[in-house]
Amino acid sequence: MYTVPELEDYSPEALDRAVADLIAALEEESHSIADESQWKEFRDRWMARKNGVLTQVNDAWLKAAPGPQKREVGKRVNELKASVEQKVESAHESIAGATADKAIAAERVDVTLPGIRRELGAEHPVIRTMNEIVSVFKAMGYSIGTGPEIETDYYNFESLNFPPNHPARDMQDTIFLAGQEHKAQRDRLLLRTHTSPVQIRTMEKQKPPVRIVIPGRVYRNDAPDATHSPMFHQVEGLAVDTNITFCDLKGTLDHAMKSLFGSSVKTRFKPSFFPFTEPSAEVMISCPFCGQKGCRVCKQSGWIEMLGSGMVDPALYGFVDYDPAKVSGFAFGMGVDRLAAMKYGVDDIQLYFEGDVRFLRQFA
Ligand code: PHE
């Protein structure tokens, strides 16, 4: 390794030689710098104020030079200083360049590697079925209504003509929120048991004519089994206008069932009871799976119960400030989950809610 020599004489030739040796050593040492820490060592070896090569040159050559030569030696030492600084700087630039090259090489994409497959999401079969039902009614000019899943007793029951403590409330086993006892009964909160409260909420806000479908999640205190779930989905509908009759109800629902199940499907209306409709009817469709020959889905009867319906009980109009002498309407409601189960041949609706992707993937 290069060490700074004492100068024997200060002749221009001797100075030239000493300078050339030093530059050669500087050059050579700069070649072996591979990384940042080696560069720092290099910089300090040559430029450190304390005992760096330049400092040694200053002491050994300039300070030791006899008076008359000081000018000439000083000039050489200044040139050397500039060369060393330049070399240190350029050495740094070249290792920075090398580091960047390495980083780029490391990041280079190998286009021959297999790609990462992104899984595509798909609509859940229940939601898909719900959207299909909704779009049948949208095509008939209905708009979509939505409302809260946590409801008051008033909207879920009272305003739908279920008086407090009326036995009709037992038709829908209700999940109540805890800690509501201090409130008046109509203000107590519960999980809505049907989407019918949105019918009332809509009529409160909107004067007739009204045509809405109400898709949504509803809750009942039912133990889960193949055909029941404490959470399920409904689409309900409401049409209120002047001169709406039971014929309109029949025609609308017959058309809707044909749109959903095929034009050869027939409908049948069977008397039923709901507190908010009078008269009320259960709607059956001829079994689209066996053409009424009798099968597992229709339990050999040729008919499948599809929805509840009826003419809006005039008592409801009193709750929403409609004039029962001027308007009439019909309403209907259907469960989506059982329909989706029927449609896809799923024999246990729990499968829809367990979130097992092996099951759900089949519908993607
Ligand atoms: N709300 C009723 C239910 O959930 C369904 C229904 C709606 C029946 C509208 C008649 C009219 O059981």
Side-chain angles (χ1 to χ4, degrees), residues 126 130 133-134 136-137 140 142 144-149 151-163 166-175 190-203 210-222 227-241 244-246 248-254 256-257 267-285 304-317 319-320 327-339 349:
V126 170
M130 189 155 84
I133 300 167
V134 166
V136 165
F137 289 95
M140 289 191 267
Y142 283 65
I144 297 173
T146 55
E149 290 175 22
E151 262 300 0
T152 58
D153 185 282
Y154 176 77
Y155 282 112
N156 195 81
F157 289 126
E158 191 180 332
S159 63
L160 287 160
N161 208 27
F162 292 83
H166 193 276
R169 290 179 173 229
D170 298 340
M171 289 166 72
Q172 304 182 352
D173 202 345
T174 308
I175 300 172
L190 47 79
L191 297 184
R192 68 178 180 190
T193 56
H194 46 185
T195 57
S196 311
V198 185
Q199 302 187 14
I200 300 294
R201 289 177 175 278
T202 304
M203 289 191 282
V210 167
R211 275 180 190 75
I212 48 160
V213 261
I214 306 146
R217 264 195 295 266
V218 300
Y219 303 84
R220 290 185 198 176
N221 189 20
D222 289 330
T227 53
H228 294 84
S229 165
M231 182 284 300
F232 60 103
H233 300 78
Q234 276 192 337
V235 175
E236 291 207 359
L238 172 71
V240 181
D241 204 343
I244 291 205
T245 68
F246 200 86
D248 298 308
L249 179 157
K250 281 190 81 171
T252 302
L253 295 180
D254 186 72
M257 293 303 112
T267 50
R268 199 169 91 177
F269 292 74
K270 190 175 90 176
S272 182
F273 171 79
F274 298 101
F276 35 88
T277 48
E278 184 60 35
S280 305
E282 202 77 58
V283 184
M284 329 267 290
I285 59 165
I304 299 172
E305 249 180 45
M306 276 311 305
L307 64 162
S309 68
M311 300 307 289
V312 176
D313 191 311
L316 265 63
Y317 298 133
F319 287 95
V320 296
V327 296
S328 56
F330 64 80
F332 53 89
M334 60 203 288
V336 179
D337 316 76
R338 282 186 206 179
L339 199 159
I349 65 165

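Read the numbers this way: they start at 1 and go in the same order the structure lists the ligands and their atoms.
Using a cut-off of 4.0 Å between Lys/Arg side-chain N and Asp/Glu carboxylate O, Arg338 and Glu305 are scored as not salt-bridged.
At a 3.5 angstrom cut-off on N or O pairs, Thr277 does not count as close to ligand 1. By the 3.5 Å distance cut-off applied to N or O atoms, Thr193 is not counted among the residues near ligand 1.
Contact annotation: Phe276 has at least one heavy atom less than 4.0 Å from an atom of ligand 1. Residue contacts with ligand 1: Gln172 is included, with a non-hydrogen atom under 4.0 Å away.
Contacts with ligand 1 closer than 4.0 Å are made by side-chain heavy atoms of Arg220 only, the backbone lying farther away. Of the heavy atoms in Ser309, only backbone atoms (N, CA, C, O) come closer than 4.0 Å to ligand 1.
At the top of the distance list for atom 4 (O) of ligand 1, counting protein heavy atoms only, stands Gln234 NE2, 2.7 Å. Scanning the protein for heavy atoms near atom 5 (C) of ligand 1, the closest one is Glu236 OE2, 3.7 Å.
Sorted by first and then second residue, the salt bridge (Lys or Arg N to Asp or Glu O under 4.0 Å) pairs with a member in residues 272-283 form an empty list; sequence neighbours excluded.
Shown here is Arg217, whose CZ atom has no more than 12 heavy atoms of other residues, nucleotides or ligands within 6.0 Å.
The six-membered or imidazole ring of Phe276 lies away from that of Phe319, with a centre-to-centre distance of 6.0 Å or more.
Between the side chain of Asn156 and the backbone N or O of Arg192, no donor-acceptor pair lies under 3.5 Å.
Here is the list of ligand 1 atoms found below 4.0 Å of a heavy atom in Ala331: 9 (C), 11 (C). Near Ser196, meaning under 4.0 Å from one of its heavy atoms, ligand 1 places the atoms 1 (N).
Phe332 and Phe137 have parallel rings, their planes meeting at less than 30° on a 0 to 90° scale where 60° marks the start of perpendicular.
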- Message: If you apply the rule side-chain contact (heavy atoms from CB on, under 4.5 Å), what do you find for His194 with Gln199, and how did you get there?
- Response: CA-CA 10 Å; His194 46 185; Gln199 302 187 14; over 6 Å; no
